[in-house]
Amino acid sequence: MELGQRRYPIHIGRGLLDAPESLAALVTGRHALVVTDSNVAPHYLARVQQALAGKTTGTLVLPAGEQEKTLARFGEVMAALAALGASRDATVVALGGGVVGDLAGFAAACWMRGVRLVQLPTTLLAMVDSSVGGKTAVDLVQGKNLVGAFHQPAAVLADVATLDTLPARELRAGLAEVVKYGAIADEAFFGWLEDHAEALLARDPDALAHAIFTSCAHKAGIVARDETEQGERMLLNFGHTFGHAVETEQGYGGLLHGEAVAVGMVLAARLSADLGRAPWSDTARLAALLERFGLPVALPAGLSGESLLGRMKLDKKGVSGRIRLILWAGLGQAEIVTDVPEDDILAILEG
Ligand code: NAD
Ligand code: GLY
């Protein structure tokens, strides 16, 4: 990942967590706090602790799940860093999915105004999206990721072998973010995903490696050009304004993030077609691929369109109270649109 003069490595491969020397080398100071969750710890924590045996390490195992990405849990990470006596050269090691990565990343951004962060992603979603690019955050009941900071990791180490233990539903949720890159920027990759859907669902190592590598290349390219989301980076939020509203409205205990993004991408594509900006046939292709991945493509029952619209107004991309959406002109051609009438959005939400 290159950001002007700054750069950091993104290592992708099988068995990376089994190389203690390279793991230890990522922690440059004396102190390291490993933050993980209750599902990941039994599988992978011992290996990381062993690799860091020569350091002064602390461990914080949080309960798993989106509902834990809170200011209260953030406070627990701060307390653990204090208990460790972590100084400015400390490293926070985030071992887990996007929830752990975002939360521990935000803690690293804030502890003593910013310490080193190493991302060890263990979900497909975290490998292809959340561990790369430096967005960190926690959720509020009022809205998702509303409190956070840009804080780039010093390194990302994605051990693809950790996906062997990932539940199937979580793998499918990660595939939603993979599809996103094809949808917004790369029609050829979208076609490749159509051709390799079964291989990906069967966790074929070569197919997974290609999907992860291609996704990271897209993400790194976009972030390199627009680190703090002044323009192009907003395209990575295709489907997210709708999806975040659903997650918030469900109290972070309904659809998984990737599932909500899948629904959101289809709604954004439908809205684009309704507005005459994109062909309907591409919406159908997008929905068909997501369905092959076992992902939802319509809003869950029981959600109010008006309430979802209200949630969308608190989206971080909004300007002066106006909703800014990522729509598309068709596969591979996402665009930022600010002037969509609320009635048209509501029609999609109630459709
Ligand atoms: P998650 O972190 O909740 O992980 C999903 C589930 O899988 C959890 O129950 C976890 O305990 C379990 N798990 C993780 N790795 C495992 C493994 N190898 N084996 C067995 N179980 C495992 O969810 P996620 O989908 O990884 O991340 C979603 C979060 O990421 C959301 O909060 C979203 O907002 C955030 N996100 C952030 C960015 C960013 O740029 N920072 C981008 C996309 C998403
Ligand atoms: N996941 C959106 C971004 O990193 O910008």
Side-chain angles (χ1 to χ4, degrees), residues 1 17 35-45 47 61-70 73 94-106 109 117 119-139 143-146 148-153 156 158-178 180-181 184 203 215-216 218-220 222-241 243-244 247-248 252-253 255-262 316-317 326 334:
M1 170 86 236
L17 288 185
V35 183
T36 187
D37 76 28
S38 51
N39 293 332
V40 176
H43 294 293
Y44 306 111
L45 179 58
R47 267 181 256 179
V61 181
L62 297 168
E66 186 72 37
Q67 284 165 318
E68 307 300 332
K69 206 175 108 176
T70 60
R73 295 294 178 200
L95 171 68
V99 166
V100 163
D102 279 14
L103 178 63
F106 184 42
L117 168 67
Q119 292 273 10
L120 306 180
T122 62
T123 64
L124 179 61
L125 187 140
M127 290 179 192
V128 301
D129 196 348
S130 61
S131 66
V132 174
K135 276 190 182 175
T136 72
V138 296
D139 303 329
K144 211 171 137 57
N145 294 336
L146 286 183
F150 288 101
H151 187 65
Q152 298 292 340
V156 180
D159 184 343
V160 184
T162 60
L163 299 182
D164 294 351
T165 58
L166 190 68
R169 183 178 172 197
E170 299 292 349
L171 183 86
R172 293 195 293 263
L175 286 168
E177 299 278 19
V178 175
K180 177 185 77 179
Y181 295 106
I184 65 170
R203 304 180 198 225
S215 300
C216 283
H218 275 297
K219 176 129 192 196
I222 291 173
V223 173
R225 292 187 291 273
D226 178 20
E227 182 180 3
T228 58
E229 198 167 291
Q230 304 306 305
E232 183 184 1
R233 187 167 181 170
M234 288 186 214
L235 301 180
L236 291 170
N237 285 303
F238 185 56
H240 286 56
T241 309
H244 284 173
E247 288 185 82
T248 307
Y252 308 113
L255 293 186
L256 300 175
H257 174 69
E259 294 171 339
V261 166
K316 294 186 295 309
K317 292 181 298 303
I326 309 308

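It should be emphasised that the depicted structure is a prediction, and the values quoted were computed from it without experimental measurement. We count ligands from 1, going down the list as the structure has it; atoms in each ligand are counted the same way.
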Between Gln119 and Ser130, is any pair of side-chain heavy atoms under 4.5 Å apart?
no
Closest to atom 14 (C) of ligand 1 (judged by heavy-atom distance), picking from Thr123, Asp139, Val223
Thr123
Contact check, Lys219 vs ligand 1, heavy-atom distance below 4.0 Å:
yes
Considering the heavy atoms of [X], write down every atom of ligand 1 situated less than 4.0 Å from one of them.
| X | value |
| --- | --- |
| Ala64 | 9 (O), 11 (O) |
| Gly97 | 2 (O), 26 (O) |
| Thr165 | 17 (C), 18 (N), 19 (N), 20 (C) |

Quick one: does Met234 get a heavy atom under 4.0 Å from ligand 2?
no
When you look for heavy atoms under 4.0 Å from ligand 1, do you find them on the side chain of Asp37, its backbone, both, or neither?
side chain
Region of Asn145 that comes within reach of ligand 1 [heavy atoms, distance under 4.0 Å]:
side chain
Which bit of His240 is near ligand 2, meaning a heavy atom under 4.0 Å away: side chain, backbone, both or neither?
neither
Counting only heavy atoms closer than 4.0 Å, does ligand 2 sit against the backbone of Val223, its side chain, both, or neither?
neither
Say whether His244, considering both its backbone and side-chain N or O atoms, lies within less than 3.5 Å of an N or O atom on ligand 1.
no
